Every structure is written in C-alpha cells, then in structure tokens.
Amino acid sequence: LGFDLVNKDKHGFDAKRTKTEEFLEVKQCSLSAKRWGGTWNDTNIEKAKAFSNKKLFTAIAVWRGASDLQFIVFGQSNNLGKYLLERVNKRKTGSRSTQTVGIEKLIKWGFVVIVPPGKDKKATLKQLSLYNKGISQHLALGDIKSV
C-alpha cells in the first residue's frame, strides 16, 4: 500500500509513509468470523479523534486461514473518527471501550476493496455480496482494485 516504515512489534501492526507523514492502522479478521471488520480496543477520545485525521488510514485485511489473504478494505474517512468518538461517549462508565466496525460501514464511507495478486475481482465481489447484500449498493466490480 506504499507505506515504507512498518511496525510489527505490537499487537497487529501499523505503518508510516515518511515522505507524506501519513500513517496506517491495520486490523485483521477471519473469513470464518460472523462479522468482518476491525476492532478498536481501549479507545479513548484522543484515539477516536485521530481517525478523523486525513493522514491516518485504516486497512482491514480479511484472511482465510493464517496465510491466504482474500482482500483488504482500505481508506480514510472522518466518519470513522466520528463513529468511534460517538461510541466512546456513549459507553457505560467503567467499561472497556471496544468498538468493532464492519467492513460494510467502511465501504459505505468510501473505503476501497483491494485484492492481492492471484485473486479474482468477480469472485471477491460475489463473496462480499454473499456476506452482506447491502454492500452491492456501494461497491461495483469496477470499484475493486488490484495490487
């Protein structure tokens, strides 16, 4: 995705484009999960607001097993920051602030779907449509990108 510095020393990983000072937060989920999306653990107001920053991108990698990447949902939207902030503000006092954001929301907010080499765009679109019929309102075959 063009990020040259990758931090793998934490749970998951993140990255940075040094020339543009852009950052990437990567989340992962399994194709076998009931809900495809990313989970933001221990979110606070500052962290939630950061996801409205135009220089902070998010990628949700959807995997089949441990080594078969199916596709990535990638992008940036201040809607993500607003959503996280709303959830933080509405949480019960004393509870851990954890939010899961489904890929269908991200696609609706303008995130793109990217397929890795060897994956078929049509098969990916069919897979996404079977997962959530509403995705087809926001995603067409021509919207899916290849690496």
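What you see is a predicted model, and the numbers here were worked out from it, not measured in a lab.
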Residues that Tyr131 engages under ring pair (Phe, Tyr, Trp, His ring centres under 6.0 Å), provided they are two or more places apart: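 For Tyr131 the ring pair (Phe, Tyr, Trp, His ring centres under 6.0 Å) partners, ignoring immediate neighbours, are Trp36.
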
Linked, directly or transitively: [X] and [Y] (ILVMFWY side chains, under 4.5 Å):
| X | Y | value |
| --- | --- | --- |
| Leu125 | Ile114 | no |
| Ile144 | Ile72 | no |
| Phe57 | Trp40 | no |

Ion pair [X]/[Y], N-O distance below 4.0 Å:
| X | Y | result |
| --- | --- | --- |
| Asp68 | Lys119 | yes |
| Glu22 | Lys54 | no |
| Glu86 | Lys90 | yes |

Are side-chain heavy atoms of [X] and [Y] found at a separation under 4.5 Å?
| X | Y | answer |
| --- | --- | --- |
| Asp14 | Phe23 | no |
| Asp143 | Val112 | no |
| Val101 | Leu84 | yes |
| Lys121 | Lys145 | no |

Spacing of Arg64 atom CZ and Leu31 atom CG [to the nearest 0.5 Å]: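 Going from the CZ atom of Arg64 to the CG atom of Leu31 covers 5.0 Å.
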
Reported CD1-to-CG distance for the pair Ile103 and Leu128, which is rounded to 0.5 angstrom: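 Rounded to the nearest 0.5 Å, the CD1-CG separation comes to 5.0 Å.
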
Pair Val113-Ile107, side chain to side chain contact (heavy atoms under 4.5 Å, CB included): steps then yes or no: CA-CA 8 Å; Val113 174; Ile107 292 169; 3.8 Å; yes

Backbone of Asn41 reached by a side-chain donor or acceptor of Thr98 within 3.5 Å: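 Checked: no pair found.
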
Polar side-chain atom of Lys27 near backbone of Ile60 as donor-acceptor pair, under 3.5 Å: no

Polar contact flag, side-chain donor to acceptor under 3.5 angstrom, Gln70-Trp63: no

Residues Gln99 and Thr43: side-chain donor-acceptor under 3.5 angstrom: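 On atom types as modelled, these side chains qualify, holding a pair under 3.5 Å.
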
Are there over 12 heavy-atom neighbours, none belonging to [X], within less than 6.0 Å of that residue's [atom1]?
| X | atom1 | value |
| --- | --- | --- |
| Lys49 | NZ | no |
| Lys47 | NZ | yes |
| Ile45 | CD1 | no |

Within the 6.0 Å centroid threshold, strictly below: Phe111 and Phe74: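 No - the distance between ring centres of Phe111 and Phe74 does not fall below the 6.0 Å cut-off.
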
